[in-house]
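The structure displayed is predicted, hence computed values, not measured ones. We name chains A, B, ... by the order of the sequence lines, and we start the count at 1 in each one.
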Number of protein chains: 2
Amino acid sequence: MKTLKIPEATIIRLSVYSRYLTEVDRKGIVTISSGEIAEGVGVSPAQVRKDLAYFGEFGTRGVGYNVKDLRRHILKILGLSVDWSVTLVGLGNLGLALTTYKGFRERGFIITSIFDTDPGKAATKINGVDVMPLERLVEVVKQNRTQIGIITVPAAAAQDIADMMVKAGVQAILNFAPVVLNVPAEIELRNVDLAVNLEVLTFNIGAQRF
Amino acid sequence: MKTLKIPEATIIRLSVYSRYLTEVDRKGIVTISSGEIAEGVGVSPAQVRKDLAYFGEFGTRGVGYNVKDLRRHILKILGLSVDWSVTLVGLGNLGLALTTYKGFRERGFIITSIFDTDPGKAATKINGVDVMPLERLVEVVKQNRTQIGIITVPAAAAQDIADMMVKAGVQAILNFAPVVLNVPAEIELRNVDLAVNLEVLTFNIGAQRF
DNA sequence: GATAGATAGTGATATAATGAACAATAAAAA
DNA sequence: TTTTTATTGTTCATTATATCACTATCTATC
């Protein structure tokens, strides 16, 4: 049981590798080299091997990696060999987009409950999942043993929702509200700020100024 | 004209600082220290000063930073002192969510054209912007001198759209399709993979295994 | 069975990012 | 006017990450 620190960049790349391997596997290719993976996803071959080396030896020297095996190993590493129960709060346009996003279910993320303050919305059903009022969040999420929460409410409401999710026992939160949330250290928190992504682009476009 | 390399992490933090400063400014606070900013956004004070130091001296020793001034400086650095013309391709749920996302317009990102293959969609109007068929993409984007493209089409179609955007002269692409795109080196490309974000969380939840 | 060619795994090295410490300096107090 | 206090800007040390170059070893061929 090594307690080696794994860079987050490595995790992100593993996720990309697995996606690429799914594609390669679909084409019926059986074996692949680190160089070919590197080519396919835009990194160096050494990087691919280093990333995998954190977790074991998955290849055969002189030959390469078995596509199906490597894919399965990476999915296991990422925790995707089992399904995850996800709750989503905030059924605006973004929330609606995420509840119907096929990429989540494909990777084993099942949205098991949806919450919104709007009583009109809280009567509807999305993909067979009832939309419920916020008051029921803690109860339902606890009951379902939901591990992951997605926040797609306005910035001003996000901290309250995060608090409820923590109270309900989620282990991780994916936050789309453009605000810094405070959660206990044992809760995994990730922020996706859509505007920030555009701002990195505009900075880079104008970066010759510096 | 320094040609100093700026870490991308710095740019992302600057974006967060500016958001936080907007909030602080709204409360009428005039002066702020690096420590207070650090507290507000969850980084170290030294990190805040380091990030700013790449671009100049914006504070006063013994005093701190003027909130309005610093905010304006950062927005300038990020290229947000002017508006940007953005085109969005792929009016699914995610595309629809992004076209109506208020956070973009607030920061000066104006969606000036929308494209979709579906002839039904290509007759509608979102936020006063006509939805047009793909055939018109190159022409319209050129005409508008649109600098940024957002891709929200399925993975299989994404490369074609990217090619069209490049042909039409965009300088940067924000790609939401879960696929690695090939674009010329001079085009700024950023990928937002929603599933990857959840996968980093599930890895971290289960990370005690390593 | 020996040899050549290919490719994984890995230790050493280089680069980048972060953190800690401190000198410089402005404002407030004495 | 001098001293004290606060806080920036910057240097130096540390840590983290990526790259390079080498070794080990597998398969196929002679």
Basic-acidic side-chain contact under 4.0 Å: A/Glu8, A/Arg190:
yes
Selection from [options] that lies nearest to any side-chain heavy atom of [X]:
X	options	result
A/Pro7	C/dA8, C/dT18, D/dT17	D/dT17
A/Arg61	C/dT18, C/dG9, D/dT27	C/dG9
B/Val63	C/dT18, D/dC26, C/dA27	C/dA27

Would you tell me if any nitrogen or oxygen in the side chain of A/Tyr65 comes within less than 4.0 Å of OP1 or OP2 on C/dG9?
yes
Any donor-acceptor pair under 3.5 Å between the side chain of A/Lys50 and the base of D/dT19?
yes
To the nearest angstrom, how far is [X] atom [atom1] from [N] atom [atom2]?
X	N	atom1	atom2	answer
A/Leu52	C/dT10	CG	P	11 Å
A/His73	C/dG9	NE2	P	11 Å
A/Leu70	C/dG9	CG	C1'	14 Å
A/Asp51	C/dG9	CG	P	12 Å
B/Lys5	C/dT15	NZ	C1'	11 Å
A/Arg49	D/dA24	CZ	C1'	13 Å
A/Arg13	D/dA16	CZ	P	16 Å
A/Phe58	D/dC26	CZ	C1'	19 Å

With side chains defined as the heavy atoms from C-beta onward, is the minimum distance between B/Asp193 and A/Ile12 less than 4.5 Å?
no
Within the structure provided, determine whether B/Ser85 and B/Arg145 are in side-chain contact (heavy-atom separation under 4.5 Å).
no
To the nearest 10°, give me the bend of the helix from C/dG1-D/dC30 to C/dA30-D/dT1, comparing the axes of its five terminal pairs at either end.
10°
Using a cut-off of strictly less than 4.0 Å between a heavy atom of the residue and any atom of DNA chain D, enumerate the qualifying residues of residues 31-47 of chain B by number.
B/Ser33, B/Ser34
